[in-house]
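Below: one structure, written as structure tokens.
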Amino acid sequence: MAGISPRQIRAARIVLDWSQQELADRAIISRASVQRAERGLAVRVDVYLKLWRTLEAAGIEFTPATAAKGEGVRLARPDGGA
């Protein structure tokens with residue numbers, strides 16, 4: 001699925017200083033689902049979208065990879081959405 005990569009999910013969580021459990025709680029999914037998504041294993045589309053929306057709502061911006069640069073994440077709001 002196009003969108004955000006497992007590395008971006010993990011990086012965004014780390015930028016926000018959230019544990020896997022905190023991300024799971026905020027996205028209303030299981031910690032095992034967060035672990036699977038961060039490892040690049042199959043997760044349901046609804047789980048993937050919950051992760052994406054939760055991280056964006058917290059102020060994360062995802063940048064896609066280009067021919068010249070790799071994918072990335074940045075915190076658009078310095079308060080982390082808290």
Side-chain angles (χ1 to χ4, degrees):
M1 171 181 280
I4 58 174
S5 73
R7 289 190 309 184
Q8 285 176 298
I9 294 169
R10 187 172 50 253
R13 179 178 60 77
I14 291 167
V15 165
L16 292 167
D17 196 27
W18 290 355
S19 67
Q20 287 180 334
Q21 186 62 56
E22 185 168 1
L23 175 54
D25 292 345
R26 289 174 183 254
I28 312 172
I29 59 173
S30 69
R31 187 171 67 101
S33 292
V34 173
Q35 291 172 331
R36 290 180 62 81
E38 287 187 357
R39 290 183 187 142
L41 302 174
V43 294
R44 293 188 331 252
V45 172
D46 66 312
V47 168
Y48 177 83
L49 292 175
K50 285 179 181 183
L51 285 168
W52 195 343
R53 290 178 185 141
T54 299
L55 292 167
E56 283 188 335
I60 293 293
E61 289 183 356
F62 297 99
T63 55
T66 65
K69 295 182 180 181
E71 66 202 8
V73 299
R74 75 178 194 140
L75 186 58
R77 295 194 320 247
D79 64 356

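Residue numbers run from 1 in the order of the sequence given.
Residues satisfying the salt bridge (Lys or Arg N to Asp or Glu O under 4.0 Å) criterion with R53, sequence neighbours excluded, are absent altogether. A search for side-chain contact (heavy atoms from CB on, under 4.5 Å) contacts involving S5 returns R7, Q8, E71, not counting sequence neighbours. Scanning for side-chain contact (heavy atoms from CB on, under 4.5 Å) contacts around A32 gives S30, Q35, with sequence neighbours left out. Legend: residues meeting salt bridge (Lys or Arg N to Asp or Glu O under 4.0 Å) with R39, ordered by chain and number and at least two apart, are absent. Evaluation of the salt bridge (Lys or Arg N to Asp or Glu O under 4.0 Å) rule for D17 yields no partner, not counting sequence neighbours. Residues satisfying the side-chain contact (heavy atoms from CB on, under 4.5 Å) criterion with A24, sequence neighbours excluded, are Q21, I29, R31, V34.
To the nearest 0.5 Å, the span separating OG on S33 from CG on L23 amounts to 10.5 Å. From D25, atom CG reaches atom OG1 of T54 across 11.0 Å, with rounding to the nearest 0.5 Å. Taking CG of L51 as the reference point, atom CZ of R13 lies at 10.5 Å (rounded to 0.5 Å). Atom-to-atom distance recorded for R10:CZ and Q20:CD is 9.5 Å, nearest 0.5 angstrom.
Contact detail for W18 and A58: the closest heavy-atom pair is CH2-CB, 3.5 Å. Residues A12 and F62 come closest through the heavy atom pair CB-CE2, 4.1 Å.
Residue L55 is not grouped with residue I28 when hydrophobic side chains (ILVMFWY) are merged at heavy-atom distances under 4.5 angstrom, including chains of intermediate members. Follow the hydrophobic side-chain contacts under 4.5 Å out from L49 and you reach V43 in the same cluster.
Put simply, the side chain of Y48 never gets that close to the backbone of A37: no donor and acceptor are under 3.5 Å apart.
The closest side-chain heavy-atom distance from T63 to V73 is not below 4.5 Å.
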